[in-house]
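Everything numeric here is computed off the predicted structure, so don't read it as measured data. Keep in mind that the numbers below use all heavy atoms, side chains included, and drop hydrogens, waters and symmetry copies.
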Amino acid sequence: MTSPDLCAQQLLETIPELMHAIRSHMRQNADARVTVPQLRCLLFLRRHPGCSLGDIAKHLGVTTATTSTMVDRIVKQGLIKVTVPPDDRRRISLELSEQGATIVRHARDETLVKISETLTTCSSEQLEQIHQALEVLRPLFRRPDGG
C-alpha cells in the first residue's frame with residue numbers, strides 16, 4: 001500500500017519537472033516583447049482580473065515598487081488596463097486588455113498542444129489514472145485565494 005510519505009516524495013520530484021516543461025512551453029509561445037516576469041503577471045491577471053499591484057507583487061515575490069515599474073511598462077505596451085475606483089483613488093484595479101488576453105491565450109493554447117502531444121504516449125488507462133489523480137489533488141492544494 002502506498003503511503004502519504006511516498007506520494008509526497010513523488011510529488012516533490014515530479015511537479016518541478018512538470019512546471020519546468022510548462023514554463024518552457026509558455027516562454028516559447030509568448031510574444032517576444034513580453035519578459036518571463038511580465039508573462040507571469042499577465043497570467044496572474046487572467047486568473048485575478050481587477051487585482052491590485054500588491055496582489056501581483058505578492059504572487060511574484062517582489063516589492064510593490066518593482067511590480068509598479070513592471071506594470072507601467074506593460075501598460076505602455078497596451079497589455080493591461082488600469083482602473084481607479086472612484087470610491088478609493090489610492091487603489092488601482094488591473095486587468096488584461098484585449099491584446100494582453102490574446103497573448104496569454106496564445107501562449108496557453110500552444111502549451112496545451114505541447115502537453116497534449118506529450119500525453120499521447122500514455123495508454124487510455126494511464127490517462128484516466130492521471131485524470132483521477134489530478135481530480136483528487138486539485139482541491140487538496142487549492143489556494144484560498146483561488147490562485
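Smallest separation of non-hydrogen atoms from Gln38 and Thr35: OE1-N, 2.9 Å. Nearest heavy atoms, Gly100 versus Leu96: C-CD2, 4.2 Å. The two residues His59 and Arg40 have their closest heavy-atom pair at O-NH2, 3.7 Å. Nearest heavy-atom pair across Gly78 and Ser97 is O-OG, 2.5 Å. Closest approach of Gln77 to Arg33, counting heavy atoms only: NE2-O, 3.3 Å. Closest approach of Leu39 to Met26, counting heavy atoms only: CD2-O, 3.9 Å.
A distance of 9.5 Å separates CZ in Arg73 from CE in Met70, rounded to the nearest 0.5 Å. To the nearest 0.5 Å, atoms NE2 (His131) and SG (Cys122) are separated by 14.0 Å. The CD atom of Glu95 lies 5.5 Å from the OG1 atom of Thr83; values are rounded to the nearest 0.5 Å. Ile103 CD1 to Asn29 CG: the interatomic distance, rounded to the nearest 0.5 Å, is 12.5 Å. Atom CZ of residue Arg142 and atom CG of residue Leu140 lie 10.0 Å apart, to the nearest 0.5 angstrom. Atoms CG and CG, from Leu94 and Leu53 in turn, are 5.5 Å apart once rounded to the nearest 0.5 Å.
Heavy atoms from other residues, nucleotides or ligands lying under 6.0 Å from CD of Glu117 number more than 12.
Looking at Cys41 and Ile80, their side chains come closer than 4.5 Å, going by heavy atoms from C-beta outward. The closest side-chain heavy-atom distance from Ser93 to Val82 is not below 4.5 Å. Looking only at side-chain heavy atoms (C-beta outward), Asp55 and Phe44 come within less than 4.5 Å of each other. Taking the side chain as every heavy atom from C-beta outward, Arg27 and Ser24 approach each other to under 4.5 Å. Counting only heavy atoms from C-beta outward, the side chains of Val34 and Ile74 never approach each other to under 4.5 Å. The shortest distance between side-chain heavy atoms of Ile92 and Ser52 does not fall below 4.5 Å.
By the side chain to side chain donor-acceptor pair (under 3.5 Å) test, Glu13 pairs with Gln9, sequence neighbours left out.
Side-chain polar atoms of Thr63 and Thr66 form a donor-acceptor pair below 3.5 angstrom. Between Asp72 and Thr69, the side chains place no donor N or O within less than 3.5 Å of an acceptor N or O (distance only, hydrogens not considered).
In the hydrophobic cluster analysis, where Ile, Leu, Val, Met, Phe, Trp and Tyr join through side-chain heavy atoms closer than 4.5 angstrom, Ile15 is grouped together with Ile130. At a threshold of 4.5 Å between side-chain heavy atoms, the hydrophobic network of Ile, Leu, Val, Met, Phe, Trp and Tyr places Val84 and Val75 in one connected group. Residue Leu43 is not grouped with residue Leu112 when hydrophobic side chains (ILVMFWY) are merged at heavy-atom distances under 4.5 angstrom, including chains of intermediate members. Taken together through direct or relayed side-chain contacts under 4.5 Å among Ile, Leu, Val, Met, Phe, Trp and Tyr, Ile115 and Leu127 form part of one hydrophobic cluster. Hydrophobic clustering keeps Leu18 apart from Leu6 (ILVMFWY residues linked when any side-chain heavy atoms are closer than 4.5 Å, directly or through intermediates).
Although no hydrogens or angles enter the test, the distance criterion places a donor-acceptor pair under 3.5 Å between the side chain of Thr14 and the main chain of Gln10. Looking only at distances, a side-chain donor or acceptor of Thr121 sits under 3.5 Å from a matching main-chain atom of Thr118.
Here Glu110 does not pair with Arg105 in a salt bridge; the nearest charged N to carboxylate O distance is not below 4.0 Å.
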Test Leu137 against Leu11 for side chain to side chain contact (heavy atoms under 4.5 Å, CB included), laying out the working first. CA-CA 10 Å; Leu137 289 173; Leu11 284 170; 4.0 Å; yes
